[in-house]
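In what follows, a single structure is set out as structure tokens and then discussed.
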Amino acid sequence: MKASRLFIPTLKEDPAEAEAISHKLSVRAGLVRQLAAGLYIFLPLGLRVMEKINRIIREEMNAIGAQEISMPVLHPAEVWRQTGRYDQIGPEMFRLQDRGGREMVLGMTHEEIVTWLAARELRSYRDLPQIWYQIQTKLRDEARPKSGVLRTREFVMKDSYSFDTDEEALEESYQLHVSAYERIFTRAGIEFYMVESDPGMMGGATAHEFMAPSPAGEDEVALCPACGYAANVELAQSVPDYPEFPEAGIEEVETPGVRTIAEVSGYLEVEPALLIKSLLVMAGDEPVLVMVRGDQELQETKLARVIGEFRPAQAGEIREATGADAGFIGPVGLELRKIADESLAEGVYVTGANRDGYHLRGVVPGEDFQAELHDIRRVKDGERCRHCNVDLKLERVIEVGNIFKLGTKYSEPLGATYLDESGRERPIVMGSYGIGPARVAAAAIEQQADGKGIVWPAAIAPFQVHLVLVQPGDGAQATMADRLYAELAAAGIEVLYDERDLSPGAKFADADLIGCPVRATIGKRSAAEGAVEVRLRPGGEEQKFPLEEAAEAIAGLLAEPPGDGGIQAGQP
RNA sequence: CGGGGCGUGGCGCAGCCUGGUAGCGCGCUUGCUUUGGGAGCAAGAGGUCGGCGGUUCAAAUCCGCCCGCCCCGACCA
């Protein structure tokens, strides 16, 4: 395509509202424009990238036998009522009424709808297994859209759903998705990890996320460099390390106005690891005292698995339950449910005395108080792996895909059943699997951009070759460039042909910003010798080819498997 | 929802504290020159200063309310 006719509004300066690299560059390179918070218009270049990613997804989904369908974005509320999610989900779901006053919702995901379909059409074990997928718009009224295209209110998602006879068959569908996802992200040219994740409210027991490492990510994962253990910090486990403990023996000490861990640590000259951090939460109407070590943080998703939904207690509730203010509460002498992190199984600690202005020293868990022990702390960088005792690494990541075993959570309420070989009616066992194509694109930008702009992996670049004609007014150069353009096009290579009448610097800067893998230049320097200059976007190393051989040489460069200077992908 | 920041030609910003003339860079238009890393000269176009209300002789500037956007946190099915 000729650049003079393409709508590629590049910008010299970063947009004021952008923070993340991928956000800045996707606006500057003319991929997207923001309509409102969390709502983006995809411009020609951005759409080309999305379509490249979607094509890879389609090919790999089809390869595991998945079949593409398309479900509505607008759903009757009734279907969501049947699974209970209509009431469970809060303001994140867009709700509206049609002209007849019927309650409708905008789909934030499609488990209900696909299960509604399966309930009507899948009847026999002979109909199973099935994998259905779509690449469809989702709407979520996000509390805080952010980071450009990474977290939006309307976004396209590849979602697939598997239908199987039992858990064993589900495992097969699950593994098929694992392999398809690995191929998809590898082909797309991003680095990624598959990590254990919290199934959360999706139900089911097993879930994994595909995570692309990037400082712009919202999630964090713990990785073991030795055994490959990889988990979202929401559930990652580690071996606690212990400090040296002082002597036991309870003693009350005056600590006027000393409330926080840092203050107590400083005032009593005791390291934070020798303190117990006591938090009061409300699980429904029941107050629960939650304890982690002073140098640890509570991982709320882990606690929720133990006590269900909870919220922090308010000041009044804290005083009512403990007789003290938040800074002075502790487990000793309290008659309420107590949950302590497992690392508190041994040791001697300082805790709040449940009396304003006082703490207790020499408190021994198990003797001075009893608590249920669970892993409820957040893994810290440098803690050791449970499997091989090697230091764990924490890394920020962008969630680009997820896979869930749903079991019968949706099939039962929606009546999606089948008859097995013996004629018995049984619920279909389901799985749910998502990929965010825009996040794949953003992850690719985040992982590979340099100071000049985007460096696209070849497979998802908007064009493979950026052909720069330096002086369009020079007949000899133009003739050469026209010929190369035609030859590349004939070879099936996508070329962005920049024949605009701009200064060379402007065109080179745009080429760097847009980030196509190969740049071919024809200017007076090369035209004089009948040559084309070819350079790869990441490296910058330049080769010259005679015009006659250039198209073939470029095709060869593009066909080369991703190598050193280019794309890295795969698992840790 | 809590905390913080911002809103001034298309984009990026100054001006606001201390009220009185709206300014800079980029981009855009026209002409001439130029053409290997965001060209030069000249001449131009383009702004209800987010909105509403208030104070004042006078408001981009001071006050109030509202709206929008961004960041941190909460949330994230």
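Heavy atoms only: backbone and side chains are in, while hydrogens, waters and symmetry mates are out.
For A:Gln471 and B:U34, the shortest distance from a side-chain N or O to OP1 or OP2 is not below 4.0 Å.
A:Glu142 places its CD atom 9 Å from the P atom of B:A77, with the value rounded to the nearest Å. For A:Leu502 and B:G40, the CG to P distance is 14 Å, given to the nearest whole Å.
Scanning both residues, A:Val455 and A:Pro538, for their nearest heavy atoms gives CG1-CB, 3.8 Å.
The base of B:G36 lies close enough to the side chain of A:Glu533 for a donor and an acceptor atom to sit less than 3.5 Å apart.
Under the 6.0 Å distance and 45° angle rule, A:Arg140 does not count as a cation-pi partner of A:Phe155.
With the nearest nucleotide of RNA chain B identified for both A:Lys146 and A:Pro504, A:Pro504 has the one nearer the 5' end. Projected onto RNA chain B by closest heavy-atom contact, A:Val470 and A:Glu13 fall at different nucleotides, the more 5' of which corresponds to A:Glu13.
Comparing atom distances between the A:Ala37 side chain and each of B:G38, B:C69, B:C75 picks out B:C69 as nearest. Relative to the side chain of A:Ser503, the nucleotides B:A77, B:A74, B:G38 differ in distance, and B:G38 lies closest. In this structure, the nucleotide among B:U35, B:C72, B:C69 sitting nearest to the side chain of A:Arg144 is B:C72. Comparing B:G37, B:G36, B:G38 against the side chain of A:Lys12 picks out B:G38 as the nearest. With B:G36, B:C72, B:A77 as the candidates, the nucleotide lying closest to the side chain of A:Ile89 is B:A77. Of all nucleotides listed (B:C70, B:G37, B:A74), B:G37 comes nearest to the side chain of A:Ala509. The side chain of A:Glu17 sits closest to B:C69 out of B:G37, B:G36, B:C69.
A donor-acceptor contact shorter than 3.5 Å links the side chain of A:Arg396 to the backbone of A:Gly217.
Counting non-hydrogen atoms under 4.0 angstrom, A:Ala36 reaches the backbone sugars and phosphates but no base.
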